[in-house]
Amino acid sequence: MSQPFGAGVYNDAQDINKGALTDPGLARQRRTYPPTTVAGSPGTAVIGGYVEEKERDRDLQGRKKYETYSNILLNTSIVAAGVRYFLNLVAKPGWKFEPAEDTGRQAEAERYAELCSNMTTDMRTPWRRVVRRAAMYRYWGYSIQEWVAKVRDDGAIGFADIMPRPQHTIEKWDCDPDGEILGCVQLSPQDHREIYLPRPKLLYIVDDSLNDSPEGLGLFRHIAEASRRLKRFEQLEGYGFESDLRGIPVGRAPIAELDKAVERGDISESDKSSILQPLKTFLESHIRNPKLALLLDSMTYETQDEAQRPSSARQWDMELLKATSSTQAEIARTIDRLNREIARVLGVEQLLLGDNGVGSFAMAKEKSHNFALIIDSTLTELAEAFYDDFVTRIFLLNGWPLELRPTVKTDKLQYRSVEEVTTSLEQMARAGAVLDPEDPAIDEVRDLLGLSRPIKVLSAMDAALQSEEDVENDNDPDPE
């Protein structure tokens with residue numbers, strides 16, 4: 001006979017005999033847990049509101065990590081290009097609020113869906129900017145925005161605005177023992193006050209795929225080390241160009257003759273220093289620039305060898321110690337490899353195709369398709385978050401029935417080639433599916449071509465019917 005739901009009972013003696021763990025103390029700790037209760041605990045400790053981090057890199061701990069991430073975003077070109085590219089594509093698809101189905105109140109469900117859709121266009125911040133900010137959770141690890149309600153002209157309660165709350169301003173987290181987020185504490189950059197932000201007032205989305213921290217784990221963390229090495233190699237490349245990467249400068253001067261002149265009293269020690277100073281300045285400031293030059297005396301030494309040949313060595317000279325090879329090519333390859341490594345993590349490797357003559361159209365198309373799948377996945381997660389934090393909150397504020405909440409969906413991100421569309425329509429027509437002149441596909445093709453839609457001209461019969469309908473409406477005393 002099967003036990004009822006949630007009525008599991010353990011026998012210590014039997015468990016000790018059957019189980020792999022034979023410690024009597026562990027056996028006594030076993031309890032009967034109903035399926036509706038939580039038995040475990042989250043893996044990330046939040047102590048006093050502060051998240052316990054296992055990070056060992058000091059630049060990636062606490063609020064300092066957001067400064068590091070911000071520097072990566074601002075100063076690493078492939079990161080800036082990839083993030084901008086991602087956000088532009090995320091903001092392109094349209095958003096739809098589809099009425100709840102199978103409720104028996106279809107007209108009412110459609111009205112609520114239309115109201116929710118209208119509310120996205122009735123805020124101070126455009127909806128696409130709200131979507132952009134929310135989508136940054138993929139990079140930072142999480143994103144937070146606060147909504148402010150208002151009473152609309154139609155009497156419904158909507159959102160006046162949805163405003164960002166930057167990650168570096170979030171100081172503490174309020175979590176229950178099960179790890180559920182109840183709110184957070186923001187440290188105001190204006191006056192350094194601690195402001196409590198309750199969870200129901202927030203649009204919050206987190207990337208908790210790799211951990212269960214309230215702050216998540218974003219892509220910026222994965223590229224932090226590569227960005228640091230990239231910055232260092234670019235610095236070395238600059239040093240190499242400035243010093244030509246062929247060695248170090250070597251200067252020659254008749255120092256012994258100058259010392260003798262000082263001993264004879266012909267010149268002073270300060271005069272000697274003044275004579276050598278231009279050469280020293282050049283040696284210390286040999287960075288390439290248009291203003292750096294050196295004028296030297298071309299006089300050679302007058303001593304002669306055993307064959308009575310005069311010396312060809314100049315008393316004053318400047319050259320670089322020659323090296324057999326340069327590491328500049330290796331550094332350039334390392335920089336290129338790091339750029340590709342970062343682009344691969346961000347999913348925008350297609351941006352680098354063709355820069356070195358390598359790649360194909362098929363490869364670019366495949367990588368672009370994969371990136372579009374990433375965009376669609378992100379939009380799906382955003383739609384789920386907006387359903388909970390946008391639609392549900394509006395319904396609760398207005399007291400509307402939750403079972404009539406519309407489903408939040410987005411259009412698929414896809415590039416439509418006019419040639420592909422028209423070719424498909426042509427093939428359909430040859431197969432027998434000829435387009436009707438009133439088919440909306442014709443207008444959509446004109447939209448893709450950037451052409452204006454034709455002005456519809458009523459036929460004589462349609463015009464006559466329209467005129468009769470207008471006369472009837474004019475003669476009807478009560479149109480309602």
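All values reported here derive from a predicted model rather than from experimental measurement.
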Judged by atom type as modelled, is there a donor-acceptor pair below 3.5 Å linking the side chain of [X] to the main-chain atoms of [Y]?
X    : Y    : result
D212 : T44  : yes
E55  : D57  : yes
D389 : Y204 : yes
N398 : W400 : no
D207 : G216 : no
S117 : A113 : no
D208 : N211 : no
E194 : Q186 : no
S377 : L373 : no
R405 : L402 : yes

Non-hydrogen atoms of [X] and [Y] that approach each other most closely:
X    : Y    : result
E53  : L60  : OE1-O, 4.0 Å
A343 : L352 : CB-CD1, 3.8 Å
P214 : W173 : CB-CD2, 3.6 Å
V391 : C116 : CG1-SG, 4.4 Å
L397 : A149 : CD1-CB, 4.1 Å
A134 : L382 : CB-CD2, 3.7 Å

Would you indicate whether [X], at its atom [atom1], is surrounded by more than 12 heavy atoms from other residues, nucleotides or ligands within a distance under 6.0 Å?
X    : atom1 : answer
F233 : CZ    : no
E225 : CD    : yes
D154 : CG    : yes
R63  : CZ    : yes
K201 : NZ    : yes
E101 : CD    : no

Note: D161-K150 ion pair, threshold 4.0 Å (strictly below) =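 Looking at D161 and K150, the cut-off is not met.
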So, R105 and E403, do they make that salt bridge, N to O below 4.0 Å?
->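 Yes.
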Yes or no on side-chain contact (heavy atoms from CB on, under 4.5 Å) for V83 and V348, after CA distance, side-chain angles and deciding distance?
-> CA-CA 9 Å; V83 172; V348 293; over 6 Å; no
Evaluation steps, side-chain hydrogen bond (donor to acceptor under 3.5 Å, both in side chains), between R232 and Q235 = CA-CA 5 Å; R232 175 57 177 164; Q235 185 182 50; 2.5 Å; yes
Rounded distance [0.5 Å steps], [atom1] in [X] versus [atom2] in [Y]:
X    : Y    : atom1 : atom2 : answer
L346 : H222 : CG    : NE2   : 10.0 Å
K231 : T76  : NZ    : OG1   : 8.5 Å
T169 : L197 : OG1   : CG    : 8.0 Å
I170 : R165 : CD1   : CZ    : 8.5 Å
D376 : T410 : CG    : OG1   : 6.5 Å
L202 : I162 : CG    : CD1   : 11.0 Å

List in chain and number order the residues that pass ring pair (Phe, Tyr, Trp, His ring centres under 6.0 Å) with Y85, two or more places apart in sequence or in another chain; answer none if no residue qualifies.
->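 Here the qualifying residues are F371.
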Ring pair (Phe, Tyr, Trp, His ring centres under 6.0 Å) against F86, all qualifying residues, sequence neighbours excluded =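 Testing F86 for ring pair (Phe, Tyr, Trp, His ring centres under 6.0 Å), a comparison that skips the adjacent residues, returns Y139.
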Close side-chain approach of [X] and [Y], heavy atoms under 4.5 Å:
X    : Y    : answer
T392 : F395 : no
M428 : V434 : no
I72  : I223 : yes
K65  : E215 : yes
L203 : F386 : yes
N339 : L230 : yes
P406 : P99  : no
P198 : L182 : no

Test K64 against E67 for salt bridge (Lys or Arg N to Asp or Glu O under 4.0 Å), laying out the working first.
-> CA-CA 5 Å; K64 177 68 174 177; E67 297 180 14; 3.7 Å; yes
Kindly determine whether T334 and R229 satisfy side-chain contact (heavy atoms from CB on, under 4.5 Å), including the steps that lead there.
-> CA-CA 9 Å; T334 302; R229 287 186 283 127; over 6 Å; no
Show your working on side-chain hydrogen bond (donor to acceptor under 3.5 Å, both in side chains) between R132 and N88 and close with a plain yes or no.
-> CA-CA 8 Å; R132 284 170 180 259; N88 288 338; 3.1 Å; yes
R133/R128 under side-chain contact (heavy atoms from CB on, under 4.5 Å): CA gap, chis, key distance, verdict = CA-CA 9 Å; R133 294 166 179 170; R128 295 190 184 276; over 6 Å; no
For F159 and F390, run ring-ring contact (aromatic ring centres under 6.0 Å, His included): C-alpha distance rounded to whole Å, both residues' side-chain angles, the deciding distance at 0.1 Å, then the answer.
-> CA-CA 9 Å; F159 286 168; F390 181 82; 5.2 Å; yes
Using the side-chain contact (heavy atoms from CB on, under 4.5 Å) rule, take R138 and E381 through it: C-alpha gap first, then chi angles, then the decisive distance, then the call.
-> CA-CA 11 Å; R138 292 192 68 250; E381 295 187 13; over 6 Å; no
Examine the side chains of Q61 and R58 and answer whether a donor and an acceptor come within less than 3.5 Å of each other.
->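 Not at all, the side chains of Q61 and R58 share no donor-acceptor pair under 3.5 Å.
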Cut-off 3.5 Å, side chains only: do Q167 and Y69 have a donor facing an acceptor?
-> no
Would T68 and N71 satisfy side-chain hydrogen bond (donor to acceptor under 3.5 Å, both in side chains), going step by step from the backbone distance to the final call?
-> CA-CA 5 Å; T68 303; N71 288 331; 5.7 Å; no
Let me know which of Y66, Y142, W140 forms a ring pair (Phe, Tyr, Trp, His ring centres under 6.0 Å) with F220.
->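 So, applying the ring pair (Phe, Tyr, Trp, His ring centres under 6.0 Å) to F220 and each of Y66, Y142, W140, only W140 qualifies.
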